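What follows is a set of notes on a single structure, which appears directly below.
Here the structure is a predicted model, which is why all the values come from computation and not from measurement. Only heavy atoms go into these numbers, but all of them, side chains included; no hydrogens, no water, no symmetry mates.
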Amino acid sequence: MRPPLLLLLCLLAAAATAPAQYTKIVGVSGTTSAGTSFTLEIDAAPSYVRTLDFVNLPVEYSPVAMAQLLSETIQDDYYANGKTGFRAGKVTSVEGEEFDATFEIRCAAPINQIRVGMLGNPNVPLPRAPGVAFNPSITNYDADLPTPLLGPQPSHPNARFTINGQDPSTDFFRRARVRTNTVMNWRVSTGSNPNQWVTILGGPYNPGILTANWGDYMDIGTLPYVGGLPGGIFVIGDGIFQTGGGFLSSFFQSDSAGNFDLSITVPPHFAGAHVGLQALVVDPTTTAPNLRFTNAIDVEFDEGQDFLITPPASGFVPVTFSAGRTFDFYGATYSGLFVHEDGFVSFGTPGAASTQVDPVLALGGSPAVYVNWADWDLSASAIRVREFGSRLIIDWGDPGMPVSHQGDLDQAWFSAQFVLDRPLVTNADAGAILIDLDELDPMAAGGNDALVGISPGLGLDPMATAFDLGELPFGGATASAILYQSNRSGTAASDLSVPSGGPPVYRNGSKLGRRDFGFFPARPGAGPLSNRPFAIPSAPNPEDLQAVVGQNALFLSGPGGQPLLLSGYFKYLFTNLSTIMPAVILDPTGSAGLGPYLLQIDGVLSTEPSLGGLPNLPLVPGFRNWEGLRVSTPGQLPPVAPGPVDLAVSFGDGSVLTLPGAVQIMP
């Protein structure tokens, strides 16, 4: 086993976000070497303990990629255990902070421990690699490090600090990101106490380094010596302690509405700077000495841009990155991209303007990232482009201004993030792409057609292959596409095609809603994969049932063993819950006089190891792993009137999906 070079997974804090819902934030820093193995254990009392093994990782993982892999594995375990245990939230980059990436773990019970250590024994730390400055073990933060959120109090009613109208108390890291060459608006509010004195302090953001005698914390400055006072703090403006008169005393004071406002134009040379800000205000409603600290804010300054674009119908708008920033995609370097109305971006040259969502066009067109390629209508919405530092975010719509399919009234929004290279700044995550399908409206009249993923375009690989993002695609050609297709109609009669050698079998795109996918550049040690990115989806494909494919007739005169082939997604048909067993049922309500009639499950079409006792059968052309299920009659059918009957699949998590009239009973 090669140990991780600079891998540190830390537990940050626990908080209840909803009734019977407990969370912990996980942080990841540093890069994980190819070949690394370790065990992750999560414990929530009194209900759940999950032990997850990571064995011989095939490539080197950047921090965001590592966080994405951990999140995906936790989600995968959640589905495999009948939707019980631990769920993982979206991965967020926290570049420039204590951790390089974070994600949230949620559980219905209080989470006690998160331990990571040697493979098979999470209590034994991973060895330190030679030359590494700190222990690369994944550590239980609660036990080994001080509580990081000791200090940052929430905004008080009469002591609140915001920047550009945003309250960073809602952000886990108390961040405010401010672009250079823009105006930064500070507001300190004394709430129901107008005309009160205000002092603004600056220094390094450092939560909870000093407890005031009225209970608040000072959250900026450098750590004091034992028994001493914190240092590194400077006064930006002082109204409280100059009440005898003078310029500052009269200037740093809230107005009759209880607000003190200050606007500053951020100069270009602030790019890359950090400063912590916190205010101290007079609050007569508190106990002596009638003072209160506001929330602290960790302000990060950098170059960037923020604007809305409205491409023409099925058209595009070029976007150029800030000076010096580039993006590497399948071995080529770009200084900008083309943002398409129809849910994708292309590089080098604009992608084909076509409303026909087709993976063949994707494989043969320009290099592109298909965030959610469909025939979108942005006439009542817009695309927002945000760049800050090394991160470019493109949003198609938002909850207040959603996008719709052409001719439809559905509401959707989704986004993509690109981690850029930038001068003089090393970022292990540069070249990463994160796709977030926030909301796909299941009420879309035509369903949700979608092509999601990445493609190198024409000429890079004559054997380009479309992979299913529900699996980890570490095999295949060195420059192949990684695509997921889903159909508009919600049936197997898909309007898409793929060069798979057989009929297309895809699922309804609305089930992609609220999922996110990560694509990462190949890392050293990737071997034959060194020329192509790899994908880590943050959740497995959901249970699904689409159609009976091919022969859909069962004969009353036939013997037992008559087969039917179902399309859908069946990886988690079985679970480890012995009290809930799956079933495939003909005439589930008995309306045709046949059932409920249980069919025999012969197996799932897959080349991968079986799960939960589900037997594997060879793949049929046109199917991908876990997308086909073969069932058969356990014996001769009982005598009933010929005609169509419903077919239902009861999955191991308790959900039941039905295909009305899908099977014909013949004489």
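With contacts defined as side-chain heavy-atom distances shorter than 4.5 Å, the pair V64/V419 does not qualify. At least one side-chain heavy atom of P289 sits under 4.5 Å from a side-chain heavy atom of N213. At least one side-chain heavy atom of I114 sits under 4.5 Å from a side-chain heavy atom of V26. Looking at heavy atoms from C-beta onward, D410 lies out of side-chain contact with M443 at the 4.5 angstrom threshold. Residues F344 and V339 are not in side-chain contact: their nearest non-hydrogen atoms beyond the backbone lie 4.5 Å or more apart. Looking at heavy atoms from C-beta onward, I200 lies in side-chain contact with V198 at the 4.5 angstrom threshold. A heavy-atom distance below 4.5 Å is found between the side chains of I163 and V178. A heavy-atom distance below 4.5 Å is not found between the side chains of T73 and Y78.
In this pair, F327 and F347 present their aromatic rings parallel. The plane angle is below 30°, not in the 30 to 60° band. Classification of the F86-Y48 ring pair by plane angle, with boundaries at 30° and 60°, yields perpendicular. Relative ring orientation between W396 and F414 is described as parallel, the plane-to-plane angle staying below 30° on a 0-90° scale split at 30° and 60°.
We find the OH-CZ distance between Y334 and F329 to be 7.5 Å, quoted to the nearest 0.5 Å. We find the CD-CD distance between E439 and Q411 to be 9.0 Å, quoted to the nearest 0.5 Å. The CG atom of L210 lies 11.0 Å from the CD1 atom of I220; values are rounded to the nearest 0.5 Å. The structure places OG of S314 at 5.5 Å from CD of E341, a figure rounded to the nearest 0.5 Å. S71 OG to M66 CE: the interatomic distance, rounded to the nearest 0.5 Å, is 11.0 Å. The distance from the CG atom of D429 to the CG atom of N427 is 5.0 Å, given to the nearest 0.5 Å.
Between the D395 side chain and the G397 main chain, no donor and acceptor come within less than 3.5 Å of each other. With hydrogens and angles ignored, the 3.5 Å screen pairs no side-chain donor or acceptor of T310 with any backbone N or O of A382. Looking only at distances, a side-chain donor or acceptor of Q278 sits under 3.5 Å from a matching main-chain atom of Y217. Side chain of T162 to backbone of G165: no donor-acceptor contact under 3.5 angstrom is found. Q196 places a side-chain N or O within 3.5 Å of a backbone atom of P194 that can act as its donor or acceptor partner. Remark: the backbone N or O of G89 is not paired with any side-chain donor or acceptor of E104 at under 3.5 angstrom. With hydrogens and angles disregarded, no donor-acceptor distance shorter than 3.5 Å links the side chain of W214 to the backbone of N290.
A salt bridge links D216 with R292: the closest approach of a Lys/Arg side-chain nitrogen to an acidic carboxylate oxygen falls below 4.0 angstrom. Using a 4.0 Å cut-off between charged nitrogen and carboxylate oxygen, E303 and R325 count as a salt-bridge pair. Salt bridge annotation for R174-D219: absent, with no cationic side-chain nitrogen under 4.0 angstrom from a carboxylate oxygen.
Side-chain contact of R179 with Q305: a donor-acceptor pair under 3.5 Å is absent, judged by distance alone. Side-chain contact of D261 with N185: a donor-acceptor pair under 3.5 Å is absent, judged by distance alone. If you check the side chains of S192 and N158, you find a donor sitting under 3.5 Å from an acceptor. Under 3.5 Å, the side chains of S155 and N295 contain a donor-acceptor pair of N or O atoms. A donor-acceptor contact closer than 3.5 angstrom links the side chains of T199 and D238. In this model, a donor atom of one side chain and an acceptor atom of the other lie less than 3.5 Å apart for D328 and T333.
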TODO: Might you work through the side chain to side chain contact (heavy atoms under 4.5 Å, CB included) test for F520 and I536, ending with a clear yes or no?
DONE: CA-CA 8 Å; F520 301 92; I536 303 176; 4.1 Å; yes
TODO: Would you sort out whether W413 and V403 count as a side chain to side chain contact (heavy atoms under 4.5 Å, CB included), showing the intermediate values?
DONE: CA-CA 6 Å; W413 55 92; V403 300; 5.6 Å; no
- [ ] Show your working on side chain to side chain contact (heavy atoms under 4.5 Å, CB included) between L277 and F161 and close with a plain yes or no.
- [x] CA-CA 9 Å; L277 298 175; F161 198 171; 3.8 Å; yes
Task: Pair I394-V345, side chain to side chain contact (heavy atoms under 4.5 Å, CB included): steps then yes or no - done: CA-CA 9 Å; I394 304 175; V345 305; 3.9 Å; yes
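When R177, R386, R384, R391 are each tested for a salt bridge (charged side-chain N to carboxylate O under 4.0 Å, His left out) with D306, only one passes: R384.
Pairing each heavy atom of P168 with each of R175, the nearest pair is CB-O, 3.3 Å. Here the shortest heavy-atom pairing between A109 and A45 reads CB-O, 3.3 Å. Contact between H405 and W376 at its shortest, heavy atoms only, is CE1-CH2, 3.5 Å. Taking every heavy atom of both residues into account, G215 and T211 meet most closely at O-CG2, 4.3 Å. Between I383 and H340, the closest heavy-atom pair is CD1-O, 4.0 Å. When all heavy atoms are compared, the tightest approach of D516 to Q68 is OD2-NE2, 3.6 Å.
The six-membered or imidazole ring of F260 lies away from that of W197, with a centre-to-centre distance of 6.0 Å or more.
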